[in-house]
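I have placed the structure first, in the form of structure tokens, so that the comments after it can refer back to it.
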Amino acid sequence: MQTFTEQFDVVVVGAGHAGCEAAMAAARMGLKTALCTLNVDLIAQMSCNPAIGGIAKGHLVREVDALGGIMGEITDAVGIQFRLLNTSRGPAVWSPRAQCDKQAYRLKMREVLESQANLKIKQAEVADLILEENRKEDIPLPEFSATGQVGTADLGSPVEPISLVGSTRSSAARTVRGVKLRDGRTIGARTVIITTGTFLNGLIHCGEQQYPAGRSGEPAAVLLGESLKKLGLRGCRLKTGTPPRLDGRTIDWTRFQKQPGDADPTPFSFRTRRVAHHDSQAPCYIAWTTPETHKIIRENVHRSPMYSGQIQSTGPRYCPSIEDKIVKFPTKIMHQLFLEPEGLNTHEIYVNGMSTSLPVEVQLAILKSIPGLETAEMLRPGYAIEYDAIDPTELERTLETKQIAGLFLAGQINGTSGYEEAACQGLMAGINASLQVKNEPPLILDRSEAYTAILIDDLISKGTNEPYRMFTSRAEFRLHLRIDNADRRLTPHGRRIGLISDEAWRDYLAKQQRLEEMQKLLTATKLTPTLLSVVMNARSKRLAVQQNSPAEPVAGALDDDGAAVKDLAITSSAQTDADFSSAVGQSLAQLLKRPEIKIEDLVPALNELAPDFFSSECPENEGPQVHRSAILTALQRNELKSAETEIKYEGYLQQQQRAIERLKKAEQRAIPDWFEYDAVSGLSREMQEKLIKIRPRTLGHAARIPGVTPAAVSLVNVYIEIQAKRRNQAFSL
């Protein structure tokens, strides 16, 4: 037996955004947890832009919070500018974004981690994994029932489904038992979660220069990187980058368009009443490249490692470098840049939109070609970084590796980009690693429940040859997966596994009751001439305010895949004088379904009809609010908008619900571990290879693998029962 220096239930390797969520989840679920990091002072370091959220990314943060994660609460505590994006479009793509204080974020995260019971933080370099070979007789075979119709290709057939929940994998030949540190110590663990970000064999490029690093100024994880290569897991090499940082005191701010935050910020966390810096938000500024900028880049693009051949790996398609933009969009005469503060106690400015790996002198020339930055001083140059990742098709939906039991991967090691994508993976890995230790069924979300599930399903089904970024366009049911109902979708799961406190659960139930009562009120209340007059007056005031408030551009305010966000957005004809006299006698809900009417128009009427809703206690130091018809808190406004969405989009939501039920039928048909794809007559060699590589768990999962046809899925459906009968007959002999 291996003798360990220390023993834990869960060991998390890496303290980035994935590692912090994983460690907190495990510790809060009552397990003895260790979090290993190369530098305790850089826990949750925001390596690139100190911003959280954005389109689809904000959805992920809301889901992390709804399940009981901490990214949203930390952001609310240290955010210095908050904006709710895409509010002029459909509610499916509304998403919060916050500029954070970079230093405060990691300090607050460390404070939260250090105060958590069951969690120990260790500054140590993990050099290797400790594995144990599994004996075949120790691996239980999964049970399988094949009752019902045999031989049907209908995915909705009455064949008894096999539940994925709690199933035992039989394919893992090895089990992780702990980790070995560089100094020779060994730490025993029942599960290990690796969340190493860009540190695995990281290599930084800046012009012709290149040097090993995990981040600028920090060592790469070379020993662990080499150890993982020996495990037999398929790997890949990816690339990402970062822009230069400037000294704000050397910038001519009068040359740029100012971009303030929202007057009443929308918090990320459902448990936050009001964000910490609601009355002291820092502005961002909008800049533009010039023809001179483009000329400098074109003349020096051969010195970019991406174009010189120095970098062979693939970078993020949807976060291109400035040189990529110039080369790929030669007809565009200007590109937008955003100057964003890195904190309240620093002059450092992040140049959003100017990621680059060009030589330092070229970066300086580019900056000086932009009006307002002629005298700007560069504090840190931009650079590109290559790093090792694992092919995510090596993973189960729990984020456990198929080949090694008890080993979970989360974050950029799985081929994703972004803090938010990492955080949701870290949370799910932490939850499932902990549930495995407790010998409880895993938490597996499906695509109709969360963007988190879509991200994981895309990774394990399709893999990725470039850093994966979440978009709202990746969701089949994005009107159903909104930011306002993330708690309704996921908080019951968080409560069941022990991540939602009693107080948070009471608040959740109270909110759902308020929403239900508001929807009932809107449905039951009939319009009278007097009530209609009140509504029309409020509408007129709203339109007058809109005409005097032109929209401002926002970083990432459109769907980030470049597609126009038309998704079920009701086109507003509010500028026209519509005849509403026919609405008398209709319910407020029927009136609200008209595209010209918004929930804000009903607030004065609702104030009289439901005074308890508007007299709820406000954020600290403001006391109760009574009869405020014109001013709403962010919480009240967002709850009303949620009720409006449910009523205004009722038909679309019902249509999506029917599609969700059809999807769930396919997901209920599990494919056993022992299923032999190469024994399926009529299945092409190409299909066999794809299915053997991925080993999908359900027919729905199989259908989403690129290149797998509906006919192939039907064949698998038929042969599941044929092979099951043969197997049962063999066992009975």
CG on L683 to CG on L715, rounded to 0.5 Å: 6.0 Å
Test R658 against E661 for salt bridge (charged side-chain N to carboxylate O under 4.0 Å, His left out), laying out the working first. CA-CA 5 Å; R658 290 191 290 270; E661 293 305 319; over 6 Å; no
Value rounded to 0.5 Å, distance of CD1 in I497 from CG in L443: 5.5 Å
I'd like to know if D458 and R447 make a salt bridge, using a cut-off of under 4.0 Å between side-chain N and carboxylate O. yes
Tell me the closest heavy-atom pair linking W674 and I720, and the distance in Å. CH2-O, 4.4 Å
Side-chain heavy-atom pair V176, T191 within 4.5 angstrom cut-off: no
Has S434 got a side-chain atom pairing as donor or acceptor with M29's backbone, closer than 3.5 angstrom? no
For P91 and Y649, work out which heavy atoms get closest and say how close. CD-OH, 3.1 Å
Please report the interatomic distance CD1(I454) to OG(S448), rounded to the nearest 0.5 Å. 9.0 Å
Does R474 make a cation-pi contact with Y468, if we ask for NZ or CZ under 6.0 Å from the ring centre and within 45° of the axis? yes
Does Y719 reach the main-chain N or O of A679 with its side chain, forming a donor-acceptor pair under 3.5 Å? no
Sub-3.5 Å donor-acceptor pair from the side chain of T33 to the main-chain atoms of L31, do we have one? yes
Are side-chain heavy atoms of Q403 and L231 found at a separation under 4.5 Å? no
Verify the distance criterion only: is there a donor paired with an acceptor across the side chains of S417 and Q412 at less than 3.5 Å? no
Closest heavy-atom contact between L653 and T645? CD1-O, 4.1 Å
Could you check whether any side-chain N or O of E420 sits under 3.5 Å from a backbone N or O of V61, counting only pairs where one atom can act as donor and the other as acceptor? no
Check whether K57 reaches the backbone of G418 with its side chain - one donor and one acceptor, N or O, closer than 3.5 Å. no
Indicate yes or no for a side-chain donor-acceptor contact from T195 to the backbone of G411 under 3.5 Å, with no hydrogens or angles considered. no
Go through the steps to decide whether Q436 and F408 satisfy the test side-chain contact (heavy atoms from CB on, under 4.5 Å), and finish with yes or no. CA-CA 11 Å; Q436 186 177 110; F408 294 75; 3.7 Å; yes
Quick one: do E73 and T75 satisfy side-chain contact (heavy atoms from CB on, under 4.5 Å)? Show the steps, please. CA-CA 5 Å; E73 290 178 294; T75 301; over 6 Å; no
Atom pair CZ (R62) and CZ (F270), whose distance is rounded to the nearest 0.5 Å: 4.5 Å
Flag the pair V680 / Q723 as yes when at least one side-chain heavy-atom distance between them is below 4.5 Å, and no otherwise. yes
Taking every heavy atom of A384 against every heavy atom of S357, the minimum-distance pair comes out as CB-CB, 3.6 Å
Thinking salt bridges, do E721 and R726 make one under a 4.0 Å N-O criterion? no
When you measure from the side chain of R397 to the backbone of L445, do you find a donor-acceptor pair of N or O atoms at a distance under 3.5 Å? yes
Going by distance alone, is a donor N or O of one side chain under 3.5 Å from an acceptor N or O of the other, for S642 and D484? yes
Do Q425 and N414 have a side chain donor and acceptor closer than 3.5 Å? yes
Sole candidate of I130, V126, I194 that passes side chain to side chain contact (heavy atoms under 4.5 Å, CB included) when paired with V179: V126
Heavy-atom distance under 4.5 Å between the side chains of P392 and T464, does that happen here? yes
Salt bridge or not for R489 and E63, using N-O below 4.0 Å? yes
Is the shortest side-chain heavy-atom distance between I55 and R97 below 4.5 Å? no
Output side-chain donor-acceptor pairs under 3.5 Å for residues 12-26, partner residues at least two apart or in another chain, one line each.
{"unit_1": "E21", "atom_1": "OE1", "unit_2": "I70", "atom_2": "N", "d": "3.1"}
{"unit_1": "E21", "atom_1": "OE2", "unit_2": "I70", "atom_2": "N", "d": "3.3"}
{"unit_1": "E21", "atom_1": "OE2", "unit_2": "M71", "atom_2": "N", "d": "2.8"}

Has R482 got a side-chain atom pairing as donor or acceptor with L479's backbone, closer than 3.5 angstrom? yes
Residues in salt bridge (charged side-chain N to carboxylate O under 4.0 Å, His left out) with D391, at least two apart? R234, K693
Counting N and O atoms only, with roles assigned by atom type, does the side chain of E421 sit under 3.5 Å from a partner on the main chain of M470, one being a donor and the other an acceptor? yes
If we only count heavy atoms from C-beta on, is the F199 to R215 side-chain gap below 4.5 Å? yes
Would you compute the distance between atom OG1 of T196 and atom OH of Y387 and round it to the nearest 0.5 angstrom? 10.0 Å
Walk me through it: do M428 and L67 pass the test side-chain contact (heavy atoms from CB on, under 4.5 Å)? CA-CA 9 Å; M428 294 305 295; L67 280 168; 4.0 Å; yes
Looking at every heavy atom in both T472 and A56, which two are closest together, and how far apart are they? N-CB, 3.5 Å
If we ignore angles and hydrogens, is there a donor and acceptor under 3.5 Å between the side chains of E226 and N201? yes
Between the CD1 atom in I671 and the CZ atom in R695, the distance rounded to the nearest 0.5 Å is 8.5 Å
Could you go through R174 and E132, starting from their C-alpha distance and side-chain angles, then the distance that decides it, and tell me whether this counts as salt bridge (charged side-chain N to carboxylate O under 4.0 Å, His left out)? CA-CA 5 Å; R174 294 166 291 177; E132 180 179 273; over 6 Å; no
Criterion side-chain contact (heavy atoms from CB on, under 4.5 Å) on L131 and T175, from CA distance to verdict: CA-CA 6 Å; L131 304 179; T175 298; over 6 Å; no
Using side-chain contact (heavy atoms from CB on, under 4.5 Å) as the criterion, list what pairs up with C319, not counting sequence neighbours. P316, R469
Residue pair L481 / A450: nearest heavy atoms and the distance that separates them: CD2-N, 3.6 Å
State whether E476 and R704 are salt-bridged, where the test is any N-O pair (Lys NZ or Arg NE/NH1/NH2 against Asp/Glu carboxylate O) under 4.0 Å. no
If you count heavy atoms of other groups shown closer than 6.0 angstrom to CG of N439, is the number above 12? no
So do the side chains of E449 and D446 get within less than 4.5 Å of each other, counting heavy atoms only? yes
Whether the side chain of N728 engages the backbone of K725 through a donor-acceptor N/O pair (distance < 3.5 Å, no angle test) should be reported. no
Note, I500 side chain near Y508 side chain (heavy atom, < 4.5 Å): no
